[in-house]
Amino acid sequence: MKHRIEPFENLVEAFHALPGIGKKSAVRLAYHIAVEDGFSGIKLAQAIEDGVELVRKCIHCHNMSEDELCSICSDIARDRSKLCVVQSAKDILSIEDSGEFKGIYYVISKLEDMDEYHLRSAVKGVDEVIFAFPPSIATDTMILYIEDKLENCNILFTKIAQGVPTGVELENIDIISLSRAMESRVRV
Ligand SMILES: [Zn+2]
């Protein structure tokens, strides 16, 4: 009979099901928690529960938030004339780290999920929409589509420039490249 420790295997499987965690890493993490440091496991369990329960979407921009409005949308010091469109709320973290952008954001993951009415209300008072998408044919299509939907809103459409290689996600771009890309954006 095969030697099995079911709770351990379940733990390995749970880690392995997460993005970016291979089988070996899953075993290492499960072993650490189950055998070496149970306390870190309890802390992790609590953090996971809080993360799942307490992180929600900002009703205005879809950024991650603890409250109805995220800290960026509720910050009166932000420049509401510049709106940066990103594909993932994770990208907001990267752009905020670069410190280059003082405007507001809007998250559109997929065109299928886009609510045109909601987007139109988000761009009220905005004079520049900056697309901070990782360059690809799919994102170029998204840009054209969104631009078309907002055609009569009197908005300048730009996208982040050089320094962002094709097919690379924003979270994997170093801060200096991202700052430069944001600074030297081009018209679309
Ligand atoms: Zn927000």
Side-chain angles (χ1 to χ4, degrees), residues 18-19 46-136 138-161 163-164 168-188:
L18 298 173
Q46 186 62 53
I48 289 172
E49 202 176 321
D50 287 350
V52 171
E53 272 178 22
L54 304 178
V55 179
R56 53 179 170 162
K57 270 188 191 174
C58 169
I59 54 162
H60 188 71
C61 73
H62 303 148
N63 186 14
M64 289 184 285
S65 180
E66 273 185 273
D67 303 304
E68 262 197 355
L69 276 184
C70 72
S71 54
I72 296 172
C73 286
S74 43
D75 180 353
I76 50 164
R78 304 290 299 212
D79 177 0
R80 266 149 229 285
S81 68
K82 306 266 177 281
L83 183 131
C84 179
V85 182
V86 292
Q87 228 182 349
S88 160
K90 290 192 306 257
D91 298 339
I92 295 177
L93 300 175
S94 310
I95 296 171
E96 286 297 294
D97 279 348
S98 80
E100 192 59 46
F101 184 67
K102 300 290 176 226
I104 50 174
Y105 294 92
Y106 195 80
V107 183
I108 300 176
S109 312
K110 290 187 294 227
L111 280 185
E112 302 91 273
D113 301 340
M114 193 184 96
D115 175 347
E116 196 183 325
Y117 179 78
H118 189 269
L119 176 64
R120 278 180 172 278
S121 74
V123 299
K124 274 203 185 94
V126 167
D127 58 33
E128 182 182 359
V129 165
I130 302 138
F131 294 99
F133 288 160
S136 73
T139 55
D140 278 348
T141 310
M142 277 176 83
I143 291 174
L144 288 175
Y145 183 84
I146 295 165
E147 203 181 343
D148 185 57
K149 292 289 171 202
L150 299 175
E151 207 191 346
N152 302 317
C153 298
N154 201 17
I155 290 169
L156 172 70
F157 295 98
T158 59
K159 63 178 178 179
I160 58 169
V164 179
V168 176
E169 292 202 31
L170 290 198
E171 63 185 303
N172 297 322
I173 294 165
D174 67 273
I175 285 170
I176 294 166
S177 303
L178 192 55
S179 303
R180 278 198 203 119
M182 187 57 91
E183 209 174 356
S184 53
R185 49 193 187 257
V186 292
R187 218 181 158 129
V188 289

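Note: hydrogens, waters and symmetry copies are ignored here, and every other heavy atom, side chains too, is used. When a ligand or atom number is given, it counts from 1 through the structure's own listing order.
Using a cut-off of 4.0 Å between Lys/Arg side-chain N and Asp/Glu carboxylate O, R78 and E96 are scored as salt-bridged.
Partners of K124 under the salt bridge (Lys or Arg N to Asp or Glu O under 4.0 Å) rule, at least two apart in sequence or in another chain, do not exist in this structure.
Shown are the protein N/O/S atoms under 2.8 Å from the Zn ion (ligand 1), given by residue and atom: C58 SG, C61 SG, C70 SG, C73 SG.
In the displayed structure, D113 atom CG is contacted under 6.0 Å by more than 12 heavy atoms of other residues, nucleotides or ligands.
Note that NZ of K149 is 10.5 Å distant from CG of L119, once rounded to the nearest 0.5 Å. In this structure, I59 CD1 and S65 OG are separated by 9.5 Å, a value rounded to the nearest 0.5 Å.
The aromatic rings of H118 and H62 lie parallel to each other, with less than 30° between the two planes, well short of the 60° mark.
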